[in-house]
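I am attaching a structure below and will ask some questions about it afterwards.
Order of the sequence lines sets the chain letters (A, B, ...), proteins ahead of strands, with each chain counted from 1. Just so it is clear, the structure is predicted and the values come from calculations on it, not from any experiment.
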Amino acid sequence: MPELPEVETTAALVRPHLEGRVITGARASWLRSLGGPAVAEFEASVVGSRIAEVTRRAKWVVLHLERAGRPAGSILCHLRMTGRLVVDAQPGHADREGAFERVSLGLRGPAGGTATLRFLDVRKFGRFRFVEDHLEALADLGPEPLGEEFTEEWLIRALKARKRVLKPLLLDQTFLAGLGNIYVDESLFQAGLHPERSAHQVPKDRARALHGAIQSTLRQAIEREGSSFDAFYRTPEGQPGSYQHLFRVYGREGKPCPTCGRPIKRLVVAQRGTHICTRCQPAPRAPGKRR
DNA sequence: CTATGGCCCTGGTTGC
DNA sequence: TGCAACCAGGGCCATA
């Protein structure tokens, strides 16, 4: 579920509760969440380390660890579809959410106070794993859409170089890192591009429009702490985001296009539900049309 | 290289 | 009301 804006929000809200704290214990009730090693091995890797910094890379939350002031690996957390990070100041609650806890870390603050970081994940697709070298572990990711490397010129050239359908290319994290199904649909709509166009046939001015659309969509979504439209995504504080109120096409099948009023259509592109306005995002070629 | 389909999981919604 | 089918903010892997 969570895409870049939701992960950015998660990292920002969890950061002040984690930075400077020391990990005093680790528990895992769903082994696969750890992405490989046994619980004991994971525990040995992280217990005793201090969380020096919390950052985001693409859809990953990165907890940078230190021992005796020196770098000591990282915890990489990917929320996938239903993952959440929450910090409890009090001992864990055994409510409904507690049932979805997959991993947790005990924490001690510099002043002595304790807390618990919980990784909750209904569908269990998410990951909460330790790596020695986060740069190596995340080396295959493409540029950050809000980073310096992602310029209009970069996008123009990168699109031209790929012989792929546009939407799946934008979802490919090795091409551009952080977009998911929602923000791709929203960005393509805003740029007036049909999701099934060939990347290398996108004209320069459309590529520029797409660049702007991606950045403005993500920035506005971050401002609103992401999108929430069912029980799943909540910020670590338990609040829903509010960007869903600004969706122009995603999840709006049959509702009027905000630009031209035509009903939004839903199609499937690369196995993903896809939402477009057929007028504002003209198809690459009129399929089956001849005369 | 690119594309496709299965798979990992659970829960909410829809339709008969 | 009951129940099956379908759907979901993701990504990996094997196969053409």
Just N and O in the side chain of A/His78: are any of them under 4.0 Å from OP1 or OP2 of C/dG10?
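No, no such contact exists.
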Atom pair distance, as rounded to whole Å: CZ in A/Phe229 and P in B/dT13:
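For the pair A/Phe229 CZ and B/dT13 P, the rounded distance is 13 Å.
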If you measure from the P atom in B/dG6 to the same atom in C/dC6, how many Å do you get, rounded?
13 Å
At less than 4.0 Å, is any side-chain N or O atom of A/Arg266 found next to OP1 or OP2 of C/dA8? Yes or no.
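Yes, A/Arg266 has a side-chain N/O under 4.0 Å of OP1/OP2 on C/dA8.
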Taking the side chain of A/Gln271 as its heavy atoms from C-beta onward, which of B/dT10, B/dG5, C/dG11 lies nearest to it?
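Taking heavy atoms from C-beta onward, the closest nucleotide is B/dG5.
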Value in whole Å for how far the P atom of B/dT10 lies from CZ of A/Arg84
18 Å
Once you round it to whole Å, what is the distance between P of C/dG11 and CZ of A/Arg127?
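Going from CZ in A/Arg127 over to P in C/dG11 covers 12 Å.
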Side chain to side chain contact (heavy atoms under 4.5 Å, CB included) assessment of A/Leu107 paired with A/Ile51:
CA-CA 9 Å; A/Leu107 303 170; A/Ile51 302 173; 4.0 Å; yes
Classify the side chain of A/Asp230 and the base of C/dG9 as holding, or not holding, a donor-acceptor pair under 3.5 Å.
yes
Let me know which of A/Leu176, A/Leu146, A/Leu4 forms a side chain to side chain contact (heavy atoms under 4.5 Å, CB included) with A/Ile214.
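Looking at A/Leu176, A/Leu146, A/Leu4, the match for A/Ile214 under the side chain to side chain contact (heavy atoms under 4.5 Å, CB included) is A/Leu176.
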In whole Å, what separates the P atom of C/dA8 from that of B/dG5?
16 Å
Using the P atom as the reference point in each nucleotide, state the distance between B/dT14 and C/dG9 in Å, no decimals.
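That atom pair is separated by 16 Å.
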Mind telling me if C/dG9 is syn or anti? Syn here is a glycosidic angle within 90° of 0.
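Syn conformation here, the glycosidic angle of C/dG9 being no more than 90° from 0.
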Starting from Watson-Crick (N1-N3 plus N6-O4 or O6-N4) and G-U wobble pairs under 3.5 Å, report the runs of at least three that DNA chain C belongs to.
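Result, WC/G-U stems under 3.5 Å: B:2-8 with C:10-16, B:10-16 with C:2-8.
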Do A/Trp154 and A/Phe175 have ring centroids that are under 6.0 Å from one another?
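Centroid distance A/Phe175-A/Trp154: below 6.0 Å, so yes.
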Rounded to whole angstrom units, what separation is found between the CD atom of A/Glu196 and the P atom of B/dT2?
17 Å
Candidate nucleotides B/dC9, B/dT10, C/dA8, ranked by approach to the side chain of A/Arg32 - the nearest:
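From the listed options, B/dC9 comes nearest.
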Rounded distance in Å - NZ (A/Lys59) to P (C/dC12):
10 Å
Is there aromatic stacking of A/Phe125 on C/dG10 here, judged by a ring-centre distance under 5.5 Å and a plane angle under 30°?
yes
Please report the interatomic distance CG(A/Asn181) to CD(A/Glu186), rounded to the nearest 0.5 Å.
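Result: 10.5 Å between the selected atoms.
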Side chain of A/Arg123, base of C/dA8: donor and acceptor closer than 3.5 Å?
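Such a pair is found, so the answer is yes.
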Calculate the interatomic distance between A/Leu170 atom CG and B/dA3 atom P; express it in whole Å.
12 Å
Select base, sugar-phosphate, or nothing to describe what A/Trp60 touches, counting heavy atoms under 4.0 Å on all strands.
nothing
Ring-ring centroid check A/Phe150 A/His211, cutoff 6.0 Å:
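Here the rings of A/His211 and A/Phe150 have centres that are less than 6.0 Å from each other.
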The side chain of A/Arg80 lies closest to which of these nucleotides: B/dG11, C/dG9, C/dG11?
C/dG11
Give the minimum heavy-atom separation between A/Ile264 and A/Cys277, together with the two atoms involved.
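Scanning both residues, the minimum pair turns out to be CD1-CB, 4.2 Å.
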Any salt bridge between A/Arg272 and A/Asp185, counting N to O under 4.0 Å?
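The answer is no: the pair does not qualify as a salt bridge.
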According to a strict under-4.0 Å criterion, is A/Gln173 in side-chain N/O contact with OP1 or OP2 of C/dG10?
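So the side-chain polar atoms of A/Gln173 never come under 4.0 Å of the phosphate oxygens OP1 or OP2 of C/dG10.
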Rounding to a whole Å, what distance do you find between A/Asp121:CG and B/dT10:C1'?
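In whole Å, B/dT10 C1' and A/Asp121 CG are 10 Å from each other.
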Whole-Å distance between B/dT2 P and A/Lys163 NZ?
10 Å
Compare side-chain N and O positions of A/Tyr250 against OP1 and OP2 of C/dG9 and report whether any pair is under 4.0 Å apart.
yes
Return the CZ to CZ distance between A/Arg206 and A/Arg197, rounded to the nearest 0.5 Å.
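Answer for the CZ-CZ pair, A/Arg206 versus A/Arg197, is 8.0 Å.
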